[in-house]
Amino acid sequence: MRDLLRHPTGLAGAILLAVVLLAALFGSFLAPHDPQLFHPATRLQGPSASFWLGTDQFGRDLFSRILNGARTTVAFGVSATLLGVGFGAMIGITAGVVGGWIDSLIMRLVDGLLAVPDLLFTLLIVTVLGGGAGHALLAVAVAFTPGMARISRSAVLSVRTREFVQAAVARGESRAYIIGAEVLPNALGPLIVEATIRVSFAIMLGATLGFLGLGAQPPSTEWGLMIAEARQYMFRNPWCVAAPGAAIAIAALGFNLFGDALRDLIDPRGRR
Amino acid sequence: MSAAPNIAQGSGREAAPAVLEVRGYSLAYETPAGLFHALKDINLAVRHGRTLGLVGESGSGKTSLAWAILRYLAGNAREGAGQLLISGEDLRTKTPAQIRDIRGRRIGMVFQDPSTSLNPTLTLGQQLAEVLVRHRGLSEKEARDQGEALLARTGISRPADMMGRYPHQASGGEKQRVVIATAFACNPECIIFDEPTTALDVITARQIQDLFVKLQDETGVAALYISHDLALVSRIAHDLAVIHRGTIVEQGPAQQVFSAPRDDYSRRLIAAVPRPTHRLVHNVPAATGEPLLRLDKATIRYGESTLVERLLGRRQSEVVGARDVTLTARKGEILGIVGESGSGKSTIARAIAGLNAFDGTVKLGDRSFGSREALDRAYRRRVQIIFQNPDGSLNPRQRIRTILSRPLKLYGLVPEGGLDARVAELLEQVLLPKDFALRYPHQLSGGEKQRVAIARAFASEPDVVLCDEVTSSLDVSVQAAIARLLVDLQARTGSTCLFITHDINLVRQLAHRILVMYRGECVDVFDVDQCDAPDRHPYTRSLLDAVPAPAGG
Amino acid sequence: MNAGYLARRLLSVLVVLWIVSATVFGITQILPGNAAVMILGEYATPDQLKALELQLGLDRPWWAQYLSWIQGILSGDWGISMRLSVPVSALIAEAFWRSLALAAAALVAVTLIAIPMGVVAAMKRGTWGDLVISLFAYLGTCVPEFVTATILLVFLAAPERQFFPAGGYTPPGESLPGFLYHMVLPALTLCLILTAHIARQVRSEMSDVLASDYIRAARLKGLSEFTVIRRHALRNAMAPAVAVISLDIGYLLGGIIVVEEVFAWPGLGRLMIYALQNRDLPVIQATTLVLAGVYALSNLISDIVIAALDPRVRYA
């Protein structure tokens with residue numbers, strides 16, 4: 001951890017991440033205003049002493065809304081990623097461990113699914129399931145599954161050829177022991193890195209779905225939805241699109257930088 | 001087999017002025033932990049027509065010196081006092097443009113691994129010709145013709161053909177010849193050779209060494225030959241310098257340093273050089289009775305054919321790793337297995353260890369096994385394998401205690417309460433302190449890790465231990481200690497040992513019998529004292545000739 | 001490069017397309033809420049559903065439906081749009097060229113900007129220039145397309161200083177300058193995001209190449225830095241860069257959906273969003289298949305380019 005903070009990318013990521021997590025955990029207590037309260041007299045205002053980031057088309061306080069939305073956004077990103085990583089890792093590890101024609105078959109399928117761009121895939125699934133935050137989450141998770149399957153499989157395969165695993169095989173260890181005690185603990189590093197970076201993609205995908213009206217629904221304080229709702233008024237008060245936009249970027253950047261720094265620490269090749 | 005004479009040609013006149021001279025040179029690297037002094041007050045001189053061998057273990061600073069001479073230093077390098085002179089001109093005072101004119105024209109360089117030092121996307125000819133275009137102002141066409149002549153001189157039989165090939169289409173030896181031809185192309189005053197044969201197979205390495213001696217003699221180039229291999233350098237260099245932790249501890253005529261070292265460290269280094277005459281094993285296993293281990297007509301194939309290939313009825317990606325190999329080993333015997341990389345020597349060990357599927361049979365004592373699946377846990381307890389790379393063979397996430405107690409638990413050899421005591425005993429056996437049990441592998445040095453791997457193999461009290469190149473990733477002095485430890489343990493436990501290595505002199509030191517592999521087949525088996533017998537296979541002959549026993553001692 | 005390599009790659013593209021078609025078919029037909037429900041909405045009466053199912057042939061077994069669907073796709077009969085009552089193939093053909101123009105403009109611009117940027121960043125590692133490029137690259141990867149698009153709109157298309165139109169489309173046949181004028185903002189959005197990503201990848205590939213033994217060897221031959229970069233480094237860094245660009249076409253295709261929606265550019269992406277919002281099944285299937293097909297094809301092209309750049313692949 002100390003190494004991570006000494007790494008410039010890691011430090012920047014950790015700071016951003018701390019801000020975002022703080023907002024996610026305590027945002028609703030810290031918010032100076034009720035995020036849903038209309039202030040009709042002060043619509044579409046720029047930043048001021050009472051409204052730090054200005055107000056939206058209904059006079060709601062943007063700063064409070066963003067603090068409030070942090071929890072939704074982070075929870076969405078993290079849980080969609082966890083689900084996707086879970087599904088993907090299960091499939092990928094199974095393929096990597098079993099090998100043979102089952103592996104070939106699974107990986108062919110995964111390759112086919114990877115040929116559909118993430119967003120396109122997500123949109124398709126949302127269409128089938130219907131919109132809404134819950135379905136959007138599931139859609140992002142499913143869209144992540146093939147990519148994670150491929151990555152976990154290659155992580156497993158790269159560990160499997162290492163000599164300490166060969167030594168366990170030669171010793172006559174059971175398959176369960178080899179996978180549980182020798183392969184998985186060593187394959188976990190790259191998976192954690194990839195998952196951390198993917199949280200930032202999940203956050204962006206979630207926001208995009210919200211923006212397109214296929215994710216969170218009003219009056220949610222989800223950041224993408226905030227931008228979509230304020231779009232008509234963006235020329236009158238740019239803050240109502242800029243503030244949530246910046247919030248998305250900060251959250252995504254935090255996870256991305258942190259993940260990159262983790263990767264550098266795990267992979268000594270990056271430590272040149 | 002007699003000791004190898006020095007084959008360095010010509011003598012050069014002692015009085016000739018130094019072509020390359022290093023005077024009082026020091027170099028340090030800035031690291032987060034402070035300054036690391038890589039070179040301390042180095043003094044060297046290489047004269048026209050002479051070869052100076054610079055010998056040291058990894059991290060000794062020998063390669064740093066080469067980079068310093070070529071003015072190719074890392075950003076965190078901090079130079080101290082001293083001069084680097086080429087024919088009397090100090091390289092440290094040259095501008096970058098002047099240095100570029102010197103590199104390749106006045107100072108050439110040959111690198112360790114030709115497969116990484118050649119650009120994969122340019123033909124060998126393009127890479128050779130470009131120095132001629134750069135330094136001798138030849139046209140592309142002239143450079144190509146000249147390049148062919150240069151290649152012919154390095155013993156390449158069809159130079160024009162070779163010029164048009166890409167690196168991946170040439171063998172390691174051919175590539176290294178191209179690199180050497182490039183270094184000699186502009187008739188430089190001095191050439192630096194950085195471990196030029198370490199990445200090559202034994203016989204190819206010998207050919208490259210002979211080529212080096214011939215070209216050095218023909219051109220009279222002053223050569224700085226950097227290597228970790230004392231025996232080799234003492235054979236091809238006129239002078240020898242031993243470097244240890246950034247300091248030159250001893251320097252003088254090669255024969256003299258090698259046969260009568262004055263410094264402590266060089267004495268230790270020279271003592272560690274494997275000599276066939278210094279046998280490490282003295283017992284002789286009983287020659288009677290059934291062999292303990294027997295491999296009968298084993299064939300091992302590599303590579304699964306893909307689904308598509310199988311559908312098309314082809315199995316093209318399959319490679320035969322070993323074909324119809326039969327071997328036997330008696331109880332208490334050390335059977336050495338030698339051969340070049342890809343000869344199938346490791347393949348056999350992996351098959352016996354149950355890591356490769358095989359056709360044929362494996363017999364251990366009175367039990368016989370016809371496939372990998374038949375090898376049960378009882379068999380696996382009795383047969384243990386030790387790998388080449390100690391970094392890879394220990395799980396980085398487990399403590400040494402966990403690693404060593406695993407076989408004890410798996411085979412139920414020790415009751416739960418006695419684990420710690422037995423682990424301590426195992427560590428003691430391989431001469432490691434018992435508090436190492438609480439460490440993780442990354443806290444250990446390479447040699448220490450290899451000792452742990454050895455302890456793990458002997459933990460199950462095996463009847464057969466397979467040693468797959470166990471010393472080859474280690475430094476010379478560590479190698480000798482590990483070899484001695486293994487032989488000790490083997491003698492004490494009376495186990496049978498298959499010792500796989502490419503180091504001919506080492507295997508002659510410790511094996512009772514030697515088996516020679518060539519392209520997946522066993523071509524020769526003989527008692528170690530029969531090395532010079534007239535009925536040796538021609539391949540065995542050339543293998544033995546490629547690595548003459550070191551002189552002196 | 002031999003014909004066998006090409007044939008193998010072509011075969012794998014076909015396999016991928018087949019899997020995609022099965023997936024698209026599966027998602028839209030087999031999963032809960034079949035086509036009839038999707039069209040009529042969840043409040044339709046069972047009788048209505050029954051009638052529509054018969055009309056669509058949904059009473060047949062799934063494999064028969066799939067076969068006839070595939071047959072239609074292969075023979076150019078992509079069905080009739082349920083909402084617009086126009087042949088899907090006509091809709092797609094029209095939208096396809098518009099999207100292609102946009103994507104091509106963005107891709108060409110990106111290639112011209114991002115590759116030199118990445119190369120320079122790698123050569124000047126650790127300097128301010130490198131830092132700025134890296135920061136820009138990070139920002140680019142972490143700002144979703146719709147945010148970039150919205151911000152560009154605020155700055156460049158606000159009513160009081162309208163440098164560019166806020167959206168819409170003019171056919172090139174009508175007015176070429178108008179067509180290009182409308183294309184600037186959407187292309188710029190795609191460009192910003194892709195440039196960031198590709199520059200970062202090229203930087204890391206180039207850094208690896210510059211740290212390699214053969215670059216060191218080339219420098220120690222006394223070659224000038226210019227020759228080392230041009231002759232030895234670029235070619236080796238380009239093969240992986242092409243691979244990255246071809247993967248990024250995936251991003252581009254995702255991005256184009258959002259960007260076309262924001263800027264009202266009537267291409268495949270907008271058509272698809274329209275179809276998704278209106279549950280226009282044949283159009284959804286066709287747009288997805290076309291986008292995936294383009295992606296697979298671009299991967300194939302990049303493989304061929306890589307083979308041309310790297311003799312190890314060429315002679316494999």
Side-chain angles (χ1 to χ4, degrees), chain B residues 66-67 69-72 74-75 96-124 126-135 164-169 179 182-183 185-186 188 191-192 194 199 306-309 311-312 316, chain C residues 1-2 4-5 7-16 123-127 130 205-242 305-316:
Chain B
W67 297 145
I69 293 168
L70 286 156
R71 313 307 299 146
Y72 194 79
Q98 287 171 323
I99 290 295
R100 278 202 293 278
D101 284 340
I102 290 172
R103 287 178 184 163
R105 187 166 67 89
R106 297 181 60 189
I107 310 177
M109 173 123 193
V110 174
F111 305 88
Q112 173 171 351
D113 188 351
S115 61
T116 59
S117 67
L118 286 167
N119 190 332
T121 58
L122 294 176
T123 62
L124 296 169
Q126 285 172 317
Q127 303 190 52
L128 169 54
E130 68 184 353
V131 280
L132 296 165
V133 174
R134 163 75 176 87
H135 293 297
R165 290 204 206 171
Y166 287 96
H168 70 276
Q169 297 167 318
V179 174
T182 312
C186 298
I191 300 182
I192 299 174
D194 185 11
T306 65
L307 197 63
V308 178
E309 279 166 353
L311 284 177
L312 296 175
Q316 58 172 338
Chain C
M1 176 178 5
N2 52 32
Y5 173 74
R8 273 203 307 278
R9 287 293 300 122
L10 207 61
L11 188 71
S12 81
V13 167
L14 289 178
V15 171
V16 162
M123 284 167 62
K124 307 276 177 205
R125 256 184 97 114
T127 63
D130 174 29
E205 296 299 344
M206 190 70 182
S207 302
D208 283 355
V209 170
L210 287 179
S212 68
D213 282 0
Y214 56 82
I215 292 299
R216 193 175 64 191
R219 288 190 175 134
L220 294 180
K221 283 176 180 173
L223 302 180
S224 68
E225 193 60 20
F226 178 74
T227 313
V228 169
I229 298 291
R230 185 185 54 83
R231 193 176 154 96
H232 288 267
L234 275 183
R235 209 186 163 91
N236 284 290
M238 275 317 103
V242 169
V305 174
I306 289 169
L309 284 171
D310 190 338
R312 283 168 296 183
V313 180
R314 188 156 65 228
Y315 292 100

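Note on naming: letters A, B, ... go to the chains in the order of the sequence lines (proteins, then strands), and numbering restarts at 1 for each one. Values reported hereafter were calculated over all heavy atoms of this structure, with side chains retained and with hydrogens, waters and symmetry mates removed.
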As an exercise: rank Glu130(B), Arg71(B), Met109(B) by heavy-atom pairs under 4.5 Å with chain C and give me the winner.
Glu130(B)
Ignoring hydrogens and angles, tell me if any N or O in the side chain of Asn119(B) forms a donor-acceptor pair with the backbone of Tyr214(C) under 3.5 Å.
no
Rounded to the nearest 0.5 Å, the CZ atom of Arg100(B) sits from the OG1 atom of Thr227(C) at a distance of 9.0 Å
Is there a donor-acceptor pair closer than 3.5 Å between any side-chain N or O of Arg134(B) and the backbone N or O of Gly222(C)?
yes
Could you tell me whether the side chain of Lys221(C) and the main chain of Ala183(B) form a donor-acceptor pair under 3.5 Å?
no
Please flag which part of Asp101(B) lies under 4.5 Å from any non-hydrogen atom of chain C: side chain, backbone, both or neither.
neither
Engaged part of Gln112(B) at the chain C interface, taking heavy atoms whose separation is under 4.5 Å:
neither
Assess, by modelled atom type and distance only, whether the side chains of Thr121(B) and Asn236(C) contain a donor and an acceptor separated by less than 3.5 Å.
yes
Shortest non-hydrogen contact from Arg231(C) to Gln126(B)?
NH2-O, 3.1 Å
Under a 4.5 Å heavy-atom cut-off, does chain C meet the side chain of Thr182(B), its backbone, both or neither?
side chain
Do Leu220(C) and Trp67(B) come close enough that some side-chain heavy atom pair is under 4.5 Å?
yes
Closest heavy-atom pair and its distance - Pro120(B), Pro311(C)
O-CG, 3.0 Å
For Arg216(C) and Tyr72(B), test the side chains for any donor-to-acceptor distance below 3.5 angstrom and give the result as yes or no.
no
